[in-house]
*Asks:* 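Got a structure for you, questions after.
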Number of protein chains: 2
Amino acid sequence: MTSQKIRNMEEFARVSGISRPTVSKYFNDPTSVRASTRSRIEAALEKHEYRPNIYAMNQNRKLTKNIGIVVPLLSDPYFAEIARNLEQRCLAAGYRPTLFSSHGNAALEVEVLDTLRAMKPAGVLLAPLGRASDDRSLERFCDDVPTLIFDSSVEEIGLGFVGSDNFQFTSHITDYLCRTGEPPSFFEMKTPANPNAHRRRQSYVAAMERFGFEPEVISVAGEGWGFEEIGRLGGHEAIQKRRFSTNTVLCSNDRLAIGLLTACYEQGLKVGREEGCAIRVAGQDGHPHSRYTCPPLTTISHNYDAVSQTAADALFAAIEGKVTPWKSIRLEGRLILRDSA
Amino acid sequence: MTSQKIRNMEEFARVSGISRPTVSKYFNDPTSVRASTRSRIEAALEKHEYRPNIYAMNQNRKLTKNIGIVVPLLSDPYFAEIARNLEQRCLAAGYRPTLFSSHGNAALEVEVLDTLRAMKPAGVLLAPLGRASDDRSLERFCDDVPTLIFDSSVEEIGLGFVGSDNFQFTSHITDYLCRTGEPPSFFEMKTPANPNAHRRRQSYVAAMERFGFEPEVISVAGEGWGFEEIGRLGGHEAIQKRRFSTNTVLCSNDRLAIGLLTACYEQGLKVGREEGCAIRVAGQDGHPHSRYTCPPLTTISHNYDAVSQTAADALFAAIEGKVTPWKSIRLEGRLILRDSA
DNA sequence: ATAAAAAATTTACGCGCGTAAATTTTGAGA
DNA sequence: TCTCAAAATTTACGCGCGTAAATTTTTTAT
């Protein structure tokens, strides 16, 4: 503040009484210079508020400090929440996160990857679109950039995979539903966006068979990422055609369940596990909104913190040179009992 | 694809048979070179897939093609949706948008602004946190970077303001409620996050007085951005203490309304405008989720497309040199009639 | 105290591109 | 065909910083 603006690192080095290469070292890693030097630089930093030019920095560095975070759909609060979580962890670890959304569009996902490649990021945390993804593009991208896949796995691509254990999810909540009432039907999309849905269906079928019940899968039509509307329309049809064979429905995910709740409301079906309720509805994901549906939605929740921490740590480790073989980590979910089931 | 990788613009210029300065001009603005030259460059681009180094580009340019988009809370689907909209428009106009969220935290907002400043963006679309914002920081930022404020206004800062007409919003929906049933109470946060809430309260009071009704404002406690929970807790209290003097409640925003709906459910109050309903609840914003509440929420919706288009166009115009005096544009909302009121 | 190791400095070069000035080429109209 | 403006080229420099190598200074260990 005291003197005029600092134009570049040369000038800043002069006013701080340190040579420019050492100042450069400091900005790349403050701990790489002697403590006394560090405090002198930081003192100068207080007085002159200089910040290195990020473009000049990244131009010559083989590896930037950038980390890309890519999710399929940022307007889905589930992804927004996990993206926020990841972003904070990157910041805390000294990286510069940049957020991208594929907006449910495969062409956009490829564009995002192209943009990302041009940024020469140190690493990328990528939640792929899933079924719609251009797998070849993903694969080539992972060859060029250290990439950790999360949420939805795509073969053995990138550094590894971190996500939730969908088998455990569905198995656990199916168990709960079977023990506390009529066995559930399974409500899902016919052409789900990502492979997690398949795992959940399989797990449902297996769990039902363990109990000696007949699995009943209701697959509703609908393309794209408007899950609530797909659930609502499919719910209307399923209710009218009496396709739920019991009074209990387990949805493949919470957004679908939210749509189904709306359909139930519109059909005059009272949802819940109390006396006088016509139907029990449960979801899966622990969607941020699930607490506020009417009735509040019983669901099995991702362990947001653990997933994002595991994913971020795995990427940081890889960036910092720890080579580990490709690995898939799947974390368990927690059952959240509410009034809907 | 035919030959080996192109390392820089020099090499690319050579293989395309054009001089490097001309190629450079092309990348800055394809229309600035002769059509025949352009097609020769683009032909070479097909065969060699070269992309200029963004860091080297931006280092020397006084103005980058970057545009920053800042919202207070990306996990709120309302902001996610408007951010997505703005992002697409920037892309379509040839800019490189980057998304930031303040995560409801004033310190983070300042950090975001700092990061943004280092990016030397051509312009910024900023939705401030509102009350919590460090106004001095915002002001200094607007002095340095062409910034258009949207959603929530902060004095006469930046290039201008684009948002919704909160007076019209509340006036319109209050009119509707008064004409179709008992006059509404107004349900709001005691210390709202942004100034829009104050305008809405004022507009409610004015509309009620026009009708000759006694305004009744219920201000509930609660800090932060967890509006649903604040609405739910405040709703419980208001219901128990019988603070709603009529059977109709207008909420300051949809997220608050969603929480109130949950409270009503939990209290056994049937919400709706039909026979046998105990209470009517309406929101404001046209939140993406409002269609799927139970009952679906009557609300007045932002004109998302128009707001984002107006905001983006205003920024682009300013970037391209059109100087206009500071201006505030407020767009009208559209009433969405659903079952809740 | 001295030797050895660690850290900082000096010097120097290059990254990939923007951009200005002077020159040459191109293309459209007369 | 000639004229002349527009476009492309040549040449040259600089942006702000990373980084390597050789040297000097400081710190740590003996």
Side-chain angles (χ1 to χ4, degrees), chain A residues 4-45 48-66 94 96 115 117-122, chain B residues 4-45 48-66 94 96 115 117-122:
Chain A
Q4 72 285 15
K5 280 263 172 58
I6 305 292
R7 314 183 60 85
N8 54 35
M9 197 181 280
E10 190 76 49
E11 285 188 23
F12 177 74
R14 194 160 39 237
V15 299
S16 65
I18 308 283
S19 71
R20 189 179 67 76
T22 302
V23 172
S24 173
K25 274 194 74 178
Y26 167 85
F27 280 112
N28 286 331
D29 177 8
T31 69
S32 69
V33 301
R34 201 189 300 149
S36 63
T37 310
R38 182 159 64 246
S39 53
R40 284 172 67 193
I41 293 178
E42 276 157 4
L45 222 40
H48 298 91
E49 66 167 313
Y50 156 79
R51 296 191 57 170
N53 179 309
I54 55 174
Y55 299 112
M57 281 183 61
N58 290 333
Q59 175 174 17
N60 301 321
R61 239 211 282 269
K62 50 217 73 179
L63 221 65
T64 69
K65 285 271 186 183
N66 296 331
R96 290 176 38 93
T115 304
R117 211 192 301 260
M119 287 177 63
K120 298 184 198 168
Chain B
Q4 71 285 14
K5 281 263 173 59
I6 304 293
R7 312 182 61 86
N8 55 35
M9 198 181 280
E10 190 76 47
E11 284 188 22
F12 177 74
R14 195 158 39 237
V15 300
S16 65
I18 307 284
S19 73
R20 188 179 68 75
T22 303
V23 171
S24 173
K25 274 194 71 178
Y26 167 84
F27 280 111
N28 286 331
D29 179 7
T31 68
S32 69
V33 302
R34 202 188 301 149
S36 62
T37 309
R38 183 160 63 244
S39 52
R40 283 172 67 192
I41 293 178
E42 277 158 4
L45 222 40
H48 298 93
E49 66 166 313
Y50 156 79
R51 297 191 57 170
N53 180 309
I54 55 173
Y55 301 111
M57 281 183 59
N58 290 333
Q59 176 174 14
N60 299 321
R61 239 210 280 271
K62 49 219 75 180
L63 221 65
T64 69
K65 285 272 183 180
N66 297 331
R96 291 176 38 94
T115 304
R117 212 192 301 261
M119 288 177 62
K120 298 184 198 169

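Chain A is the first sequence line, chain B the second, and so forth, proteins listed ahead of strands; every chain is numbered from 1.
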*Asks:* OP1 or OP2 of dT9(D) sitting under 4.0 Å from any side-chain N/O of Thr22(B)?
*Replies:*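 Checking Thr22(B) against dT9(D): at least one side-chain N or O falls below 4.0 Å of OP1 or OP2.
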
*Asks:* To the nearest 0.5 Å, tell me how far Phe12(A) CZ sits from Arg51(A) CZ.
*Replies:*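 The CZ atom of Arg51(A) is 12.5 Å from CZ of Phe12(A), to the nearest 0.5 Å.
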
*Asks:* Measure from CD1 on Ile18(B) to P on dT26(C) and round the result to the nearest Å.
*Replies:*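 After rounding, the gap between these two atoms is 12 Å.
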
*Asks:* Calculate the interatomic distance between Phe27(B) atom CZ and dG16(C) atom C1'; express it in whole Å.
*Replies:*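 Spelled out: CZ on Phe27(B) to C1' on dG16(C) is 13 Å.
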
*Asks:* Start with the C-alpha distance between Thr115(B) and Arg96(A), add both sets of side-chain angles, then the distance that settles side chain to side chain contact (heavy atoms under 4.5 Å, CB included), and finish with yes or no.
*Replies:* CA-CA 9 Å; Thr115(B) 304; Arg96(A) 290 176 38 93; 3.7 Å; yes

*Asks:* Can you tell me how far C1' of dC13(D) sits from CD of Gln59(B), to the nearest Å?
*Replies:*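 Roughly 14 Å, once rounded to whole Å.
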
*Asks:* Taking only N/O atoms, report every protein-nucleotides 19-28 of chain D pair under 3.5 Å with atom names and distance.
*Replies:*
unit_1: dT19(D); atom_1: O4; unit_2: Arg20(A); atom_2: NH2; d: 3.4

*Asks:* Using the side-chain heavy atoms of Tyr50(A), tell me which of these nucleotides is nearest: dA8(C), dC17(C), dC17(D).
*Replies:*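 Of the options given, the side chain of Tyr50(A) lies nearest dC17(D).
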
*Asks:* How many whole angstroms separate atom CD of Glu10(B) from atom P of dG14(C)?
*Replies:*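 Glu10(B) atom CD is separated from dG14(C) atom P by 15 Å.
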
*Asks:* Once you round it to whole Å, what is the distance between C1' of dC17(C) and CG of Asn53(A)?
*Replies:*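 That distance rounds to 13 Å.
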
*Asks:* Output yes when at least one side-chain N/O atom of Thr37(B) is less than 4.0 Å from OP1 or OP2 of dA8(D), else no.
*Replies:*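 True: Thr37(B) side-chain N/O within range (under 4.0 Å) of dA8(D) OP1/OP2.
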
*Asks:* Do Met119(B) and Ile54(A) pass the side chain to side chain contact (heavy atoms under 4.5 Å, CB included) test, and can you show the C-alpha distance, the side-chain angles, and the key distance before you say yes or no?
*Replies:* CA-CA 7 Å; Met119(B) 288 177 62; Ile54(A) 55 174; 3.8 Å; yes

*Asks:* Within the 4.5 Å heavy-atom criterion, are Tyr50(A) and Glu11(A) side-chain neighbours or not?
*Replies:*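 A side-chain contact is absent here, since even the closest heavy-atom pair is not under 4.5 Å.
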
*Asks:* Distance check needed: dG14(D) P versus Asn58(B) CG, whole Å only.
*Replies:*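 Whole-Å distance recorded here is 22 Å.
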
*Asks:* How close or far is atom C1' of dA8(D) from atom CZ of Arg38(B), stated in whole angstroms?
*Replies:*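 My rounded result for the distance is 15 Å.
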
*Asks:* Just the rounded figure in Å: distance from P of dC17(C) to CD1 of Ile6(B).
*Replies:*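 Atom CD1 in Ile6(B) sits about 11 Å away from atom P in dC17(C).
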
*Asks:* Whether the side chain of Thr64(A) engages the backbone of Asn58(A) through a donor-acceptor N/O pair (distance < 3.5 Å, no angle test) should be reported.
*Replies:*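 The answer is no, because no donor-acceptor pair under 3.5 Å joins these two groups.
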
*Asks:* With Ile18(B), which of Arg40(B), Arg38(B), Lys25(B) fulfils side chain to side chain contact (heavy atoms under 4.5 Å, CB included)?
*Replies:*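 When Arg40(B), Arg38(B), Lys25(B) are each tested with Ile18(B), the side chain to side chain contact (heavy atoms under 4.5 Å, CB included) holds only for Arg40(B).
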
*Asks:* Working note: Tyr55(A) + Met57(B), criterion side chain to side chain contact (heavy atoms under 4.5 Å, CB included); need CA distance, chi angles, decisive distance, verdict.
*Replies:* CA-CA 8 Å; Tyr55(A) 299 112; Met57(B) 281 183 59; over 6 Å; no

